[in-house]
Amino acid sequence: MAEFDLTDDSVVVVIGSGAGGGTLSNELAQRGIKVVCLEAGKRLKPNDIVNDEAVMSERLTWFDRRKGTGIANAQFPVWTCKTVGGTTMHWTASCPRMQAHEFRAKSTYGMIDNTNLVDWPLEPLEIAPYYERAEYKMGVTGTHGIERLPGNNNYKVLEAGARALGYQQIDTNNVAINSRPRDGRPSCLQLGFCTSGCVVQAKWSTLYTEIRSAEATKYFELRPESMAVRINHTGQGRVNSVDYRDASGQIHTQKARLVCVAGNAVETTRLLLNSHSPEFPNGLANSSDQVGRNYMRHFALPIIGLMPGPVNMHRGTHQAGIIKDERHHDPNRGFSGGFLFLTVPFTPEIIGKIVLRDKWGDELAQIMSRYDHMAAMLVHGEDLPQATNRITLHPSEKDENGLPVPLIHYQDHPNTQRMKNYARDKGVAIYRALGAHQVFAPEDVFPATHNMGVARIGRNPADSVCNPWGQTHDVANLFISDGSLLPTVGCENPTLTIVALILRQADYIDQLLKKGVL
Amino acid sequence: MERRQFIVHLSRLVLAVSAAHWSIYANSSSDKKQKISSENQQIVAVLSELAYLLLPLQPADSDVYRKVAAKLMMQMATQPGVDHVLRNGIKTLNQYSGVPWLSMRRIERNQAVSELIDIPFMAMVRWTTHELVLRNRQVWSQLGYQGSAIEHGGYLERGFNDIGWLPKQSGVADNGGI
């Protein structure tokens with residue numbers, strides 16, 4: 001791994017090492033562009049990854065203080081990671097592409113009150129080749145001739161119930177998990193601990209893939225436990241350095257030719273807003289007042305069925321099971337956009353503490369005693385951008401690092417509520433069709449894991465933060481490189497789309513640097 | 001998802017309020033210490049029984065419920081605000097029907113818990129109960145959760161797809177195909 005001096009102003013500083021930051025770092029380093037990657041979290045060693053969700057939650061989770069209002073959990077509104085690899089350490093590796101109509105949400109859905117709906121500033125055909133590249137890079141099953149994973153018990157229940165209802169678009173999903181050894185990593189052992197980092201590294205995480213590849217070049221330096229706190233500028237509309245806090249609390253300043261922010265929606269917003277100055281009084285790149293607005297998240301509706309026979313849902317890959325029949329747009333269902341059903345297992349602890357948190361005593365004990373008969377899924381659907389769903393900074397409260405506490409405000413749009421109700425009925429029916437004794441489908445029990453939309457791309461600087469490549473309208477050498485870019489989010493897990501956008505962004509940055517424009 | 005990760009955080013936050021009485025007790029006279037010791041035994045008894053009623057997966061005298069009480073007692077001593085929440089909660093429980101909660105019949109104890117289930121004290125005890133009971137290996141075995149799989153090579157050769165009771169139907173395949 002290379003080492004660059006703090007005064008080296010020829011480096012690109014990438015903030016964050018997850019799906020966006022890790023991928024961008026590697027793409028630039030492979031092109032011979034010098035990169036310093038600042039990551040707030042620690043770097044886990046292989047032995048730190050274990051098959052224990054409780055232990056791994058302590059090692060992966062971003063615990064610094066945040067506050068939620070609206071229906072966002074007041075104390076823990078979003079769930080993200082603070083570790084090298086970011087949320088790719090915890091993600092389920094589910095990689096469905098967004099559908100063509102979802103890139104044209106405004107044109108497809110029409111005017112919907114109280115939304116900031118837009119069409120993407122790029123055509124689905126423009127992103128298609130980058131989806132191809134992302135899928136190949138990540139080894140997504142069901143693409144490029146890569147065999148899908150076999151179906152586990154939880155999948156078989158989902159599939160059988162879905163077919164009983166007449167659904168047909170059911171398979172073991174496109175997942176960035178090796179079904180055969182690939183890229184120097186082994187194939188999936190059906191361990192059942194995808195969200196605990198994947199001890200065998202069959203799952204694509206930037207810690208095991210992009211970071212490793214970047215470090216094999218002479219052009220990449222990773223600085224873990226380096227929390228970016230402020231981006232500085234020259235006074236002539238260009239950024240020129242990043243202040244970051246190391247593990248001991250000491251502040252350093254890294255000079256930069258270019259800065260790319262990939263901190264996940266909450267931290268990206270906080271960093272931009274916290275970097276205000278007389279020239280940028282509302283925060284960096286925020287002349288539109290759109291930074292932090294249009295915050296979107298997919299609702300995550302868990303459904304658990306107590307089935308007539310054993311399922312042992314904990315055995316196997318988490319989201320290698322999907323039903324796509326409801327993901328299209330059909331206003332006759334009473335809402336715009338669509339949703340997905342995906343398998344997911346829950347541990348006994350998660351069920352007791354979170355999913356069935358309204359139950360206790362003999363009732364809960366009787367349910368828990370049927371754990372081996374449980375099948376479970378997660379349903380998530382398209383969220384619509386609303387200006388009032390917004391991330392801001394607390395005016396006075398500081399967190400553990402002395403930074404303003406992020407405030408996350410979120411309310412369901414009526415469209416979302418109608419979709420949830422419809423989706424819940426369908427999900428419950430899937431398990432009922434197989435004779436489930438009981439089905440549970442509690443609402444809003446999880447913090448948001450897909451956090452998107454707060455620095456969206458667009459052509460008009462008045463209503464978007466970035467141009468179609470993620471370059472901010474206000475500051476030419478400042479890029480946003482994570483899910484904050486998404487102007488609308490479809491119903492699909494966002495990581496594949498983020499990686500595709502970042503591959504496109506890397507090409508663009510490379511071209512601009514070669515032209516000497518940046 | 002997710003999911004479990006916010007559990008740990010929530011528990012920390014639930015516990016964050018004020019005061020640490022333990023250091024005061026440490027400087028008390030021996031009579032006072034004895035009184036406190038007896039009082040603490042009462043608290044342990046109430047917390048153990050409450051943990052059992054909240055999640056009766058093991059016999060009432062199981063170690064796992066005593067461990068819940070022990071953990072809460074430790075938190076009383078070390079985390080601001082916990083002492084206040086727990087003592088007030090037990091007081092509320094005892095006041096519910098005018099007699100000590102532990103002296104009531106199980107059905108009456110359950111009734112009291114049911115009436116008070118939404119107070120912060122209950123949230124605190126439930127959280128710790130779920131954490132310790134549902135992380136307990138013996139309980140896992142009882143429920144059929146198998147825990148860490150890596151040392152056994154995962155479930156690829158150990159029943160990840162062994163379901164046998166689903167109705168036969170056309171179109172069901174093990175594999176979604178490419």
Side-chain angles (χ1 to χ4, degrees), chain A residues 50-54 57-58 60-61 63 73 75-76 79 92 142 145 147-148 150-153 156-157 159-160 163 170-172 189-193 195 199-200 300 308-312 314-316 344 347-350 352-354 360-362 364-365 368-369 371-372 378 434 446-447 449, chain B residues 1-14 53-57 110 113-114 117 122-123 126-127 129-131 133-135 139-140 142-151 153-167 169-178:
Chain A
V50 295
N51 275 188
D52 187 320
E53 283 204 11
S57 90
E58 282 284 349
L60 298 177
T61 302
F63 284 123
N73 185 287
Q75 296 160 327
F76 201 71
W79 187 86
T92 56
E147 190 178 347
R148 290 189 200 264
N152 58 31
N153 293 331
K156 289 184 173 187
V157 174
E159 181 181 26
R163 292 206 187 279
I170 315 154
D171 57 48
T172 60
L189 294 177
Q190 299 282 340
L191 289 159
F193 287 90
T195 55
V199 63
V200 295
V311 178
N312 291 304
H314 61 281
R315 297 178 185 169
V344 69
T347 61
E349 186 180 349
I350 289 294
K353 276 183 168 174
I354 300 177
W360 63 278
D362 292 331
L364 180 60
M368 294 305 298
S369 68
Y371 178 80
D372 65 342
L378 205 58
L434 299 175
F446 290 126
T449 53
Chain B
M1 176 312 10
E2 134 295 349
R3 300 218 331 212
R4 128 175 335 265
Q5 288 58 21
F6 97 118
I7 306 171
V8 178
H9 189 63
L10 271 187
S11 67
R12 290 174 176 174
L13 294 165
V14 160
L53 286 187
L54 287 169
L55 190 52
L57 278 170
N110 258 327
V113 174
S114 177
I117 196 68
M122 287 294 179
R126 285 169 79 183
W127 194 266
T129 301
H130 289 168
E131 189 165 285
V133 175
L134 296 175
R135 275 186 205 172
V139 172
W140 281 1
Q142 178 188 339
L143 303 184
Y145 178 64
Q146 295 169 281
S148 177
I150 182 63
E151 54 272 61
Y155 293 105
L156 198 55
E157 307 295 335
R158 287 195 312 135
F160 83 105
N161 62 353
D162 65 355
I163 196 163
W165 56 266
L166 285 170
Q169 52 186 308
S170 60
V172 177
D174 285 357
N175 188 315
I178 291 177

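Proteins come first, then strands; the chains are lettered A, B, ... in the order of their sequence lines, and each starts at number 1. Just so we're clear, the structure is a prediction, and the values are computed from it rather than from any experiment.
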query: How about M368(A) and V139(B): do any of their side-chain heavy atoms sit closer than 4.5 Å?
result: no
query: Should E349(A) and E131(B) count as side-chain neighbours, where that means a heavy-atom distance under 4.5 Å?
result: yes
- prompt: Distance from H130(B) atom NE2 to I354(A) atom CD1, nearest 0.5 Å?
  reply: 11.5 Å
field: For R126(B), side-chain hydrogen bond (donor to acceptor under 3.5 Å, both in side chains) partners two or more places apart
entry: none
- request: Working to the nearest 0.5 Å, report the span between CG of L57(B) and OH of Y371(A).
  value: 13.5 Å
- request: Inspect the surroundings of CD in E151(B) and state if more than 12 heavy atoms from other residues, nucleotides or ligands are less than 6.0 Å away.
  value: yes
query: Below 4.5 Å, heavy atoms only, C-beta onward: do N110(B) and W360(A) meet side chain to side chain?
result: yes
Distance (rounded to the nearest 0.5 Å) between D52(A) CG and I150(B) CD1: 13.5 Å
- prompt: Checking N153(A) side chain against G159(B) main chain: does a donor-acceptor pair fall under 3.5 Å?
  reply: yes
- prompt: If we only count heavy atoms from C-beta on, is the L434(A) to P167(B) side-chain gap below 4.5 Å?
  reply: yes
- line: Value for CG (L364(A)) from CG (L54(B)), rounded to nearest 0.5 Å, stands at 9.0 Å
- prompt: Do the non-hydrogen side-chain atoms of K156(A) and L166(B) ever get within less than 4.5 Å of each other?
  reply: yes
message: If you define the side chain from C-beta out and look only at heavy atoms, does anything of F160(B) sit under 4.5 Å from L189(A)?
response: no
field: Inter-residue atom distance R315(A).CZ - Y155(B).OH, 0.5 Å rounding
entry: 6.5 Å
field: Nearest-0.5 Å distance, CG of residue D162(B) to CG of residue N312(A)
entry: 6.5 Å
